[in-house]
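Remarks on the structure that follows.
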Number of protein chains: 2
Amino acid sequence: MLNRHPDKRSRLVDAAVRLVHEQGFARTTLADIAGAAGVPLGNVYYYFKTKEAIGEALVAHHAGHYATLRGQWNQSGDARSRLAAFVQMTADNRAVLARSGCPVGTLCAELHKAGGPLAEQTGAIFTELLGWLEEQFRALGRDTDAADLALHLLSALQGVSLIAHSLDDPEYVDRETARLTGWIQTL
Amino acid sequence: MLNRHPDKRSRLVDAAVRLVHEQGFARTTLADIAGAAGVPLGNVYYYFKTKEAIGEALVAHHAGHYATLRGQWNQSGDARSRLAAFVQMTADNRAVLARSGCPVGTLCAELHKAGGPLAEQTGAIFTELLGWLEEQFRALGRDTDAADLALHLLSALQGVSLIAHSLDDPEYVDRETARLTGWIQTL
DNA sequence: GTCTATATGTGGATAGAC
DNA sequence: GTCTATCCACATATAGAC
């Protein structure tokens with residue numbers, strides 16, 4: 001990625017990230033993205049050969065975002081506080097989650113029904129997250145069941161995001177994250 | 001619902017349920033549904049005024065399906081065994097869940113991004129399920145936190161369905177349902 | 001009630017001037 | 001590199017014969 005077109009290209013990606021989160025990938029048209037980014041429709045194809053190419057940039061954006069967060073969390077605190085920070089991030093996003101769901105979770109669900117290479121790339125974000133969570137649980141001395149605990153935590157957060165989104169009520173996020181935060185303290 | 005056209009209409013709904021689960025609602029065309037049901041495209045509009053009307057029938061189908069299951073579970077066993085049966089149903093569906101996700105969860109996610117009245121109708125399935133789960137936990141003597149336990153259980157199951165679907169691996173379902181089954185026994 | 005043919009709208013993608 | 005105009009495929013929906 002030589003990034004020779006920082007302005008327009010990143011504006012297009014930013015617009016795509018926001019619109020796809022709100023409307024879904026299929027429902028978001030190139031005209032929507034171009035309009036939101038202030039770029040004429042035809043010019044989009046100079047930066048992205050196809051709509052799927054925008055999808056790839058989108059997935060890369062989310063993957064990079066979570067990689068950055070993990071890097072920050074790895075800099076400070078112990079494993080328990082890192083897990084708490086992860087849960088707290090979900091709690092802080094209660095309003096957005098109720099309105100549009102988890103950006104990664106909803107994208108995974110949609111792209112996997114469509115099939116194709118994009119689906120696997122999105123799923124990889126979960127794999128990376130599960131790996132990082134497993135490391136934290138292992139650091140807490142849960143060597144034997146670290147992977148299961150990681151799966152349980154991510155499942156609960158993804159599930160409550162889906163439910164809060166489906167019922168359009170951020171209170172579900174509050175209740176489940178409160179429970180998970182307490183659970184982490186008992187480990 | 002007078003159900004004066006049992007054959008073709010129910011064939012169309014059955015085909016829609018299957019195809020929408022596999023492909024998503026937006027990606028499933030009326031031609032797909034008509035073809036799978038062995039009905040000419042134009043004739044679909046005699047039974048359903050619009051595509052959204054098919055969506056309503058679809059949601060009603062799922063709502064009815066879960067209502068029937070709850071009715072069966074309510075007939076036998078105690079609350080703990082009912083909760084175990086609910087989790088076991090997810091475990092038994094591991095292969096389908098990994099391939100296409102939870103029919104209700106994926107439908108909720110997709111329809112809620114599209115907006116409109118269908119979104120609320122689908123979400124109501126979750127509300128009904130949460131209510132039933134809450135009753136079971138209350139029957140176990142968890143009066144104060146029954147609603148939170150219900151939310152936790154449904155979140156974990158919906159979340160692991162999403163993860164297993166995103167990573168196309170039924171083993172995630174096995175691991176999380178095993179944990180949840182054990183958890184229920186401790187309550 | 002059933003089915004064929006088609007109208008209508010939309011969205012991804014391209015041509016080609018500048 | 002940029003932008004306008006347009007092509008083309010496809011999906012919902014309708015018209016109208018039978």
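Letters A, B, ... are given to chains in the order of the sequence lines, protein chains preceding strands, and every chain is numbered from 1.
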A/H152/A/W183 aromatic ring centres below 6.0 Å: yes

Parallel, tilted or perpendicular, as decided by the 30° and 60° cut-offs, for the rings of A/W132 and A/W73: tilted

Think [X] has a side-chain N or O under 4.0 angstrom from the OP1 or OP2 of [N]?
X     : N      : answer
B/K8  : C/dT2  : yes
B/Y45 : D/dA13 : yes
A/Y47 : D/dT2  : yes
A/Y46 : D/dG1  : yes

Pairing of B/D148 and A/R179 as salt bridge, 4.0 angstrom limit: no

Test: B/D14 and B/R11 ion pair at under 4.0 Å: no

Cation-pi, A/Y46 ring and A/K8 (6.0 angstrom, 45 degrees): no

Atom-to-atom span, [atom1] of [X] to [atom2] of [N] - whole angstrom:
X     : N      : atom1 : atom2 : value
B/L12 : C/dC3  : CG    : C1'   : 14 Å
A/F48 : C/dA13 : CZ    : P     : 13 Å
B/R9  : C/dG1  : CZ    : C1'   : 15 Å

Residues touching DNA chain C, which here means a heavy atom under 4.0 Å, drawn from residues 21-41 of chain B: B/P40

Shortest side-chain distance from A/N43, nucleotide among C/dC3, C/dA13, D/dT2: D/dT2

Pairs involving residues 104-122 of chain A, ordered by first then second residue, that meet salt bridge (Lys or Arg N to Asp or Glu O under 4.0 Å) (sequence neighbours left out): none

